[in-house]
Number of protein chains: 2
Amino acid sequence: MKLSIDPSSADPLFDQIARGLKRALTTGALGPGDRLPTARDLADSLQVNLHTVLRAYAILRDEGLLEVRRGRGTVVVARAKMLGDARLHRAVANVVSEARRVGLEENELLRLVSDGFRERTEI
Amino acid sequence: MKLSIDPSSADPLFDQIARGLKRALTTGALGPGDRLPTARDLADSLQVNLHTVLRAYAILRDEGLLEVRRGRGTVVVARAKMLGDARLHRAVANVVSEARRVGLEENELLRLVSDGFRERTEI
DNA sequence: ACCTATTTGTCCGTATGTATG
DNA sequence: CCATACATACGGACAAATAGG
């Protein structure tokens with residue numbers, strides 16, 4: 001998995017790394033279930049700080065592309081979650097984000113969603 | 001603007017700060033256009049590291065609640081941009097729609113949303 | 001049940017860069 | 001040009017989850 005970064009570039013290293021990994025995902029160089037190098041290993045090979053790689057991993061995790069777990073490392077999410085559930089996943093993430101934005105508690109959000117489900121609301 | 005954190009708590013400091021600020025927003029203690037203390041000042045008064053506050057600010061910025069700008073500081077977004085209910089309701093309607101599309105039952109959807117809500121407190 | 005190694009998560013401190021005023 | 005204030009990156013330390021012996 002080659003991945004090159006440019007320390008003299010204007011855009012941040014963590015962003016270059018995140019984009020590089022995303023590119024590897026779209027080109028198929030990285031596929032579902034593939035294990036990524038540990039953050040420390042990738043940091044060493046790229047000659048950047050550990051935190052910089054962790055931040056890049058966190059970005060892709062937040063986008064639903066990676067599963068990052070303590071003690072286990074980082075793997076590309078299963079194909080089922082990437083494709084079939086992509087829209088649902090985004091919708092869930094979005095509604096959680098909106099709920100947080102207006103300061104809703106978990107049970108309040110669940111109540112809203114439950115109501116919405118029964119009312120057969122449309123977009 | 002009082003804001004208390006618990007260093008011995010299990011959940012992260014940056015998250016406690018972010019939630020505390022969000023609470024101040026929903027209770028009206030902080031309103032549109034209000035200026036927040038500089039990250040360094042808040043960090044000093046809370047006796048935490050500068051980065052911890054910056055991370056909290058970044059979370060709220062990503063959720064559209066704050067405008068964080070270099071050299072200028074941090075302010076609560078204008079009321080016009082907060083149009084909360086419309087966006088939240090669209091998000092709820094959307095997630096219900098997506099759930100139906102993939103044939104989810106109500107309890108399955110609620111489980112997903114609940115998981116999503118608890119999952120992402122870190123960035 | 002215990003211990004150890006691995007790996008990410010958080011927090012701190014410091015330095016430097018960049019946009020704003 | 002200079003002060004302010006956030007942005008990025010580095011390094012170090014410890015905590016917490018995981019896996020395996």
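Order of the sequence lines sets the chain letters (A, B, ...), proteins ahead of strands, with each chain counted from 1. Atom set for the values below is all heavy atoms of this structure, side chains included, hydrogens, waters and symmetry mates excluded. Here the structure is a predicted model, which means the values were calculated and not measured.
- Using modelled atom types, no side-chain atom of D15(A) and backbone atom of P12(A) make a donor-acceptor pair closer than 3.5 Å.
- Mapping T52(B) and Y57(A) onto DNA chain C via the closest heavy atom, the residue that lands nearer the 5' end is Y57(A).
- Whole-Å rounding puts the F14(A) CZ to dA7(D) C1' distance at 8 Å.
- One interatomic measurement links the two molecules: CG of L42(B) to P of dC11(C), which rounds to 14 Å at whole-angstrom precision.
- Look at CG on L36(B): it is 13 Å from C1' on dC6(D), rounded to the nearest Å.
- Distance, L13(B) CG to dC14(D) P: 17 Å, rounded to whole Å.
- Under the 4.5 Å side-chain heavy-atom criterion for ILVMFWY residues, a single connected hydrophobic cluster contains both V53(A) and L25(A).
- Rounded to whole angstrom, the span from the CG atom of L66(B) across to the P atom of dA5(D) amounts to 16 Å.
- Partner of L36(B) under the side-chain contact (heavy atoms from CB on, under 4.5 Å) criterion, out of V68(B), V75(B), T74(B): T74(B) alone.
- The listed nucleotides are dA5(D), dC6(D), dT8(C); the one nearest the side chain of L54(B) is dC6(D).
- Taking atom CD of residue E67(A) and atom P of nucleotide dG9(C), one finds them 13 Å apart after rounding to whole Å.
- Note on T74(B): a side-chain N or O is less than 4.0 Å away from OP1 or OP2 of dC6(D).
- Using a 4.5 Å cut-off between side-chain heavy atoms of Ile, Leu, Val, Met, Phe, Trp and Tyr, with links allowed through other members, L54(B) and F14(A) fall into different hydrophobic clusters.
- Between the side chain of T27(A) and the backbone N or O of R23(A), at least one donor-acceptor pair lies under 3.5 Å.
- Per the geometry, CD1 belonging to I59(B) stands 13 Å off P belonging to dA7(D), to the nearest Å.
- Atom CZ in R55(B) sits about 11 Å away from atom P in dC12(C), given to the nearest Å.
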Each nucleotide of nucleotides 13-21 of chain C classed B (base within 4.0 Å of a protein heavy atom), S (only sugar-phosphate) or -, in 5' to 3' order, makes BB--BBBBS
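- To the nearest 0.5 Å, the span separating OG1 on T52(B) from CG on L50(B) amounts to 8.0 Å.
- Side-chain atoms of E106(A) do not come within 3.5 Å of backbone N or O of F117(B) as any donor-acceptor pair.
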